[in-house]
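Scroll down for the structure; my scribbles are underneath it.
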Amino acid sequence: MGESINWAELREKLPFEKTAEQKQKRVQLFRRFDMQNNKILSLAEVTKGIRDELGLSDVLVKAPVDRAFHAAKHINTKASGAADDYIDFSEFRMFLYFLRQYFEYYEAFVRIETSGDHMIDKDEFSAALPKLETWVGKIDDPDATFAQIDKDKGGKIRFTEFCDWAFQQKLDLEDDDD
């Protein structure tokens with residue numbers, strides 16, 4: 001369904017590791033994203049930057065970037081007021097790290113979700129059980145697991161709900177770069 005992630009390219013373009021070389025790449029990347037040159041990045045700036053940097057569509061970029069941005073923006077506890085709505089350079093490495101993880105969750109999500117409504121229903125979940133079990137291990141009670149993931153009890157699993165569960169389960173795709 002749709003485009004797929006090139007894991008080697010993603011690793012090259014998301015410099016989140018704690019090395020001098022990767023830090024220099026982060027500095028350059030942050031500067032390219034900082035269109036207003038104000039040393040903070042908005043969600044719109046990182047979405048555009050990631051989309052352009054990776055050459056991916058808005059559809060593939062939006063959900064993972066949104067989750068990673070909101071996870072990273074509160075790391076700098078010294079920021080206050082309007083700065084809470086942005087990420088600064090001290091948060092940027094973790095944003096890139098989270099983004100890599102959320103791309104993996106998104107890739108898993110779209111492999112399960114086949115109807116095109118951007119939600120996983122019970123039939124899709126059941127059909128994907130063999131795949132899911134290679135990523136998270138044995139699922140003893142699929143109905144209970146589906147209900148556990150479906151936090152809002154809407155009868156379908158949204159990407160945000162899937163991410164929360166995938167994180168808890170340490171979801172790991174078999175064909176990514178790690």
Can you list everything that forms a side chain to side chain donor-acceptor pair (under 3.5 Å) with W135? Sequence neighbours excluded, please.
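Applying side chain to side chain donor-acceptor pair (under 3.5 Å) to W135 gives E174.
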Apply salt bridge (Lys or Arg N to Asp or Glu O under 4.0 Å) to residues R11 and E17 and explain how you reach the verdict.
CA-CA 10 Å; R11 176 168 287 288; E17 295 175 11; 2.7 Å; yes
Can you pull the ring pair (Phe, Tyr, Trp, His ring centres under 6.0 Å) pairs that have at least one residue in residues 34-58, sequence neighbours excluded?
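Checked against ring pair (Phe, Tyr, Trp, His ring centres under 6.0 Å) - neighbours excluded - no pair reaches residues 34-58.
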Give every residue pair that meets the side-chain hydrogen bond (donor to acceptor under 3.5 Å, both in side chains) criterion with at least one member in residues 25-37, sequence neighbours excluded.
E12-K25, R32-E53
All pairs passing side-chain hydrogen bond (donor to acceptor under 3.5 Å, both in side chains) where residues 59-69 contributes a residue, at least two apart:
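Output for this query lists D66-H70, R67-D164.
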What pairs with [X] under ring pair (Phe, Tyr, Trp, His ring centres under 6.0 Å), at least two apart in sequence or on another chain?
X: F103; value: none
X: F167; value: none
X: F109; value: F159, F162

Answer whether the closest heavy-atom distance between the side chains of [X] and [Y] falls below 4.5 Å.
X: K73; Y: D85; value: yes
X: F69; Y: I50; value: no
X: E104; Y: W7; value: yes
X: L41; Y: Y86; value: no
X: I40; Y: I87; value: no
X: V136; Y: W165; value: yes

Taking D150 for the side chain and G154 for the main chain, is one N or O donor matched with an acceptor at less than 3.5 Å?
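Yes, D150 side chain to G154 backbone: donor-acceptor pair under 3.5 Å.
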Evaluate the side chain to side chain contact (heavy atoms under 4.5 Å, CB included) criterion for residues R100 and L10: first the C-alpha distance (whole Å), next the side-chain angles of each, then the deciding distance (0.1 Å), finally the verdict.
CA-CA 8 Å; R100 161 62 184 81; L10 189 71; 3.8 Å; yes
So which heavy atom on [X] is nearest to which on [Y], and how close?
X: D88; Y: S90; value: OD1-OG, 2.6 Å
X: P15; Y: L29; value: CD-CD2, 3.8 Å
X: P64; Y: Y106; value: CG-CB, 3.7 Å
X: K18; Y: R93; value: CE-NH2, 3.2 Å

Side chain to side chain contact (heavy atoms under 4.5 Å, CB included) evaluation trace for L14 with L99
CA-CA 8 Å; L14 298 181; L99 182 59; 4.0 Å; yes
Rounded distance [0.5 Å steps], [atom1] in [X] versus [atom2] in [Y]:
X: Y105; Y: L173; atom1: OH; atom2: CG; value: 10.0 Å
X: E45; Y: N38; atom1: CD; atom2: CG; value: 6.0 Å
X: M119; Y: I157; atom1: CE; atom2: CD1; value: 11.5 Å
X: Y102; Y: F95; atom1: OH; atom2: CZ; value: 11.5 Å

Just to verify, what does Y97 make a side-chain contact (heavy atoms from CB on, under 4.5 Å) with, not counting sequence neighbours?
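Only F16, M94 meet the side-chain contact (heavy atoms from CB on, under 4.5 Å) criterion with Y97.
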Tell me, please, which residues at least two apart from [X] pass salt bridge (Lys or Arg N to Asp or Glu O under 4.0 Å).
X: K151; answer: none
X: K13; answer: E9
X: R158; answer: D152, E161

Side-chain atoms of residues 120-133: list all donor-acceptor pairs with protein atoms under 3.5 Å, sequence neighbours left out, distances to 0.1 Å.
| residue | atom | partner | partner atom | Å |
| --- | --- | --- | --- | --- |
| D121 | OD1 | D123 | N | 3.1 |
| D121 | OD1 | E124 | N | 2.7 |
| E124 | OE1 | D121 | N | 2.8 |
| E124 | OE2 | T114 | N | 2.9 |
| E124 | OE2 | T114 | OG1 | 3.3 |
| E124 | OE2 | S115 | N | 2.8 |
| E124 | OE2 | S115 | OG | 3.2 |
| S126 | OG | K122 | O | 3.0 |
| K131 | NZ | R111 | O | 2.9 |
| E133 | OE2 | I139 | N | 2.9 |

Can M35 and K48 be said to form a side chain to side chain contact (heavy atoms under 4.5 Å, CB included), step by step?
CA-CA 10 Å; M35 293 178 272; K48 180 186 182 323; 3.8 Å; yes
